[in-house]
Amino acid sequence: MKNIIQPVKGTREFYPEQMALRNFIYEKARAASQAFGYQEWDGPFIESIDLYAAKSGEELVKKQSFVFEDRGGDLVTLRPELTPSLARMVAARQNELTFPVRWWSFGPFWRYEQPQKGRTREFFQWNIDMLGVDSPEADAELIAVAATFLRSVGLDPQRTAVFVNNRRLMDSQFDALGIPPEKRLEISNLIDRRSKMDSAKWEANAFELGFDQKQLDGLKNVLGNYDLWKGNEELVRLFSALDALDVKEYVKFDPNIMRGLLYYTGTVFEAYDIRGLVKRAILGGGRYDNLLADVGGQPLPGVGFAMGDVVAGIILQENGRVPEFQPSPASVLVTVFDQNMLSRSYALASALRRAGVNAMVYPEPAKLQKQFKFADKMKLCVAITIGPDEVEKGRVAVKDLKSGAQQIVPEDAMIEFVRRLLDSQ
RNA sequence: GUGCCUGUAGCUCAACGGCAGAGCGCCACACUGUGGAUGUGGAUGUUGUGGGUUCGAAACCCAUCAGGCACCCCA
């Protein structure tokens with residue numbers, strides 16, 4: 001063990017148990033996406049660094065990307081996010097795609113960050129977007145997809161919520177407070193920090209950034225006003241649509257939700273585990289109406305969100321929402337009585353498989369005790385034994401491993417018998 | 001990239017300058033044609049790695065790697 005090469009920092013190894021969790025998240029994301037008619041797609045895993053330089057922000061490109069030179073001397077990067085690839089691919093076929101485009105994807109991403117709980121350097125992310133429609137109802141649909149996912153994995157509105165805000169609404173509030181446009185990034189970071197700092201430090205920080213007492217008081221008023229959305233037509237329509245979509249119970253307006261991304265233009269939202277230990281968002285997204293024009297396409301509005309598998313997996317585990325692990329996809333073990341019977345056992349297993357039953361054979365003669373222990377560990381449902389006694393009578397022993405009951409049945413009735421046993425469980 | 005905490009058996013942890021241990025798990029047997037329970041026995045460590053201090057280091061010091069917490073950032 002000592003001389004084994006360690007896995008690369010921040011990567012994860014997926015043993016069958018972890019793979020099952022990843023696939024569970026994938027299946028639920030797919031079900032929620034498809035329920036709303038979204039098509040699955042994917043982009044390249046390696047992209048030119050220039051793709052992200054335009055709009056993703058300096059931090060992402062310069063510090064958080066895996067960048068390397070290929071053999072031809074070009075700088076390439078393992079994709080840190082999907083939206084720029086989406087924008088390019090849509091822009092490339094803008095005249096032939098049928099709009100609105102509803103696309104979803106689930107794949108690997110890489111970011112060169114300091115690993116800690118909920119954050120790794122290699123992770124999987126569910127992305128889902130709608131392009132071509134600029135309406136609060138479209139925003140509501142994406143939030144409804146997110147809520148549908150949460151509901152489908154058993155995270156109810158008492159433990160999880162989607163918090164919604166609107167960039168345009170906040171901009172108008174900042175205007176009213178006399179905060180100039182060039183300070184928008186700073187103030188948005190300041191708002192993000194608020195929940196992590198004590199209020200005295202946070203206020204000192206605000207003064208350092210050049211805000212005066214009046215602006216600070218005004219800002220605190222805005223951030224504490226959870227009825228702010230009622231005066232905003234976009235948000236009123238959004239919440240009305242959420243009501244019709246039957247997901248209103250999951251969604252709350254929260255003026256403190258800002259999101260760091262530069263390209264969001266309207267609605268922004270993040271889902272959190274309300275009482276959980278993980279303070280990171282389960283998923284986050286929003287409306288980006290300028291992105292396609294920014295990468296060289298015709299102007300096209302879009303809205304979407306992304307969910308990482310790391311935080312989602314932790315929250316599912318903390319809430320006991322991960323389905324029990326099934327060690328084996330087989331339900332039947334055919335034991336091997338002795339060397340002479342080995343091929344008889346293989347033949348029985350083959351017959352079961354042809355009938356659509358997943359079956360394993362113990363691959364060598366061993367004590368039956370050991371073979372049954374193996375079946376137990378693999379949580380199989382049925383064990384079939386064929387020994388000299390059975391062969392003589394043309395029968396096989398079929399044991400229901402859940403109840404412990406064993407029956408001797410004619411060999412030609414085995415498949416029907418096993419099927420009925422499995423169906424009854 | 002910065003600061004702090006932690007690395008001991010497969011897992012969870014103890015020993016905190018003086019013989020490296022426990023529980024769980026694993027393997028075998030009791031039980032040579034049948035699992036889950038019970039009992040008995042057994043195996044497993046260059047104490048993350050490399051160096052230093054010391055008569056003596058798992059423990060103290062330095063470096064390094066990995067994980068965690070906070071900062072940063074969160075597309």
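Keep in mind it's a predicted model, so treat the numbers as computed, not measured. Throughout, a chain's letter reflects where its sequence line sits, starting with A, and its residues are numbered from 1.
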Problem - Touch class at under 4.0 angstrom, heavy-atom based, for A:R79 against every strand present - result: nothing
Problem - P-based separation of B:U8 from B:C13 [nearest Å] - result: 9 Å
Handout entry: Per-nucleotide pairing state of RNA chain B [Watson-Crick or G-U, under 3.5 Å; [ ] pseudoknot-crossing; | other strand]
Key = (((((((..((((....[..)))).(((((.......))))).....(((((..]....))))))))))))....
Practice task
Look at the side-chain N and O atoms of A:K379 and state whether any lies under 4.0 Å from the OP1 or OP2 oxygen of B:G35.
Solution key: no
Problem - For A:N256 against A:I191, the heavy-atom pair lying closest together - result: O-CG2, 3.4 Å
Practice task
Consider only side-chain N and O atoms of A:E270 and A:Y272, and report whether a donor and an acceptor are under 3.5 Å apart.
Solution key: yes
Handout entry: Separation of the C1' atoms in B:C11 and B:C26, to the nearest angstrom
Key = 11 Å
Problem - Sugar-phosphate only, base, or nothing, as touched by A:G304 at under 4.0 Å among non-hydrogen atoms - result: nothing
Handout entry: Integer angstrom distance from the C1' of B:C73 to that of B:G10
Key = 37 Å
Practice task
Would you classify A:K402 as touching base, sugar-phosphate or nothing, given that sugar-phosphate means primed atoms plus P, OP1 and OP2, and contacts are heavy atoms under 4.0 Å?
Solution key: base
Practice task
Would you tell me if any nitrogen or oxygen in the side chain of A:Q371 comes within less than 4.0 Å of OP1 or OP2 on B:U34?
Solution key: no
Problem - Distance, C1' atom - from B:C60 to B:C69, rounded to whole angstrom - result: 25 Å
Practice task
Tell me whether the OP1 or OP2 atom of B:C26 has a side-chain N or O from A:K377 closer than 4.0 Å.
Solution key: yes
Exercise for the section: Could you please name the option among B:C69, B:G67, B:U34 that lies closest to any side-chain atom of A:K117? Expected result: B:C69
Problem - Interatomic distance where CG belongs to A:L401 and P belongs to B:A37 [whole Å] - result: 14 Å
Exercise for the section: Determine whether the aromatic ring centres of A:F36 and A:W104 lie less than 6.0 Å apart. Expected result: no
Exercise for the section: Determine the contact category for A:F109: base if any of its heavy atoms lies under 4.0 Å from a base atom, sugar-phosphate if only primed atoms, P, OP1 or OP2 are that close, otherwise nothing. Expected result: nothing
Problem - hbond_proxy A:R119 side chain to B:C73 base (donor-acceptor, 3.5 Å cutoff) - result: yes
Practice task
When you get a sec, tell me which of B:G35, B:G68, B:A30 is the closest nucleotide to the side chain of A:D376?
Solution key: B:G35
Exercise for the section: Take the protein atom CZ of A:R395 and the nucleotide atom P of B:G33, then report the distance between them rounded to whole Å. Expected result: 22 Å
Problem - Rounded distance in Å - CZ (A:F372) to C1' (B:C31) - result: 14 Å
Handout entry: B:A58 and B:A66, which share atom name P, separated by this distance in whole Å
Key = 24 Å
Exercise for the section: Keeping the roles fixed (side chain from A:R167, backbone from A:M258), state whether a donor-acceptor pair exists under 3.5 Å. Expected result: yes
Practice task
Among B:A28, B:G36, B:G68, find the nucleotide with the atom closest to the side chain of A:P115.
Solution key: B:G68
Problem - Candidates B:G33, B:C74, B:A30 - which lies nearest the side chain of A:F337 - result: B:G33
Handout entry: Residue A:Q116, side-chain heavy atoms: nucleotide from B:C26, B:G68, B:G36 that is nearest
Key = B:G68
Practice task
Please round to the nearest 0.5 Å and tell me the distance separating atom CZ of A:F123 and atom CZ of A:R12.
Solution key: 9.5 Å
Practice task
Indicate whether any N or O donor in one side chain lies under 3.5 Å from an N or O acceptor in the other, for A:Q64 and A:E113.
Solution key: yes
Practice task
Would you classify A:G308 as touching base, sugar-phosphate or nothing, given that sugar-phosphate means primed atoms plus P, OP1 and OP2, and contacts are heavy atoms under 4.0 Å?
Solution key: nothing
Practice task
Applying salt bridge (Lys or Arg N to Asp or Glu O under 4.0 Å), run through A:D156 and A:R159 and close with a yes or a no.
Solution key: CA-CA 6 Å; A:D156 59 46; A:R159 12 182 151 221; 3.5 Å; yes
Practice task
Specify the separation, in whole Å, of atom CG of A:D192 and atom P of B:C73.
Solution key: 9 Å
Handout entry: Atom P, compared across B:A59 and B:U49: separation rounded to whole Å
Key = 11 Å
Practice task
Check every strand shown and say whether A:P388 touches a base, only sugar-phosphate, or nothing at a heavy-atom separation below 4.0 Å.
Solution key: base
Problem - Sugar-phosphate, base or nothing in reach of A:Q125, heavy atoms under 4.0 Å - result: nothing
Fill in the blank from the handout: Separation of B:U34 atom C1' from A:M341 atom CE, nearest Å, is 15 Å
Practice task
Take atom P in B:G68 and the same atom in B:C61, then report the distance between them in whole Å.
Solution key: 24 Å
Practice task
Record whether the side chain of A:Q406 comes under 3.5 Å of the base of B:U34 through a donor-acceptor pair of N or O atoms.
Solution key: yes
Exercise for the section: Indicate whether the side chain of A:D309 and that of A:Y26 have a donor and an acceptor atom separated by less than 3.5 Å. Expected result: no
Practice task
For residues A:F239 and A:W229, establish whether the separation of their ring centroids is below 6.0 Å.
Solution key: yes
Problem - B:A15 and B:G7, which share atom name P, separated by this distance in whole Å - result: 11 Å
Practice task
Check whether the side chain of A:Q114 and the base of B:G67 form a donor-acceptor pair under 3.5 Å.
Solution key: no
Practice task
Would you kindly compare A:K9 and A:A306 by the position of their nearest RNA chain B nucleotide and give the one closer to the 5′ end?
Solution key: A:K9
Problem - A:K399 (side chain) and B:G35 (base): donor-acceptor pair under 3.5 Å - result: yes
Completion exercise
Atom CG of A:L333 and atom P of B:G36 are separated, to the nearest Å, by 15 Å
Practice task
Could you state the atom-to-atom distance from CZ of A:F374 to P of B:U34 in whole Å?
Solution key: 19 Å
Handout entry: Atom-pair distance (CD on A:Q369; C1' on B:C27), nearest Å
Key = 12 Å
Exercise for the section: Without swapping roles, check the side chain of A:R353 against the backbone of A:A359 for a donor-acceptor pair under 3.5 Å. Expected result: yes
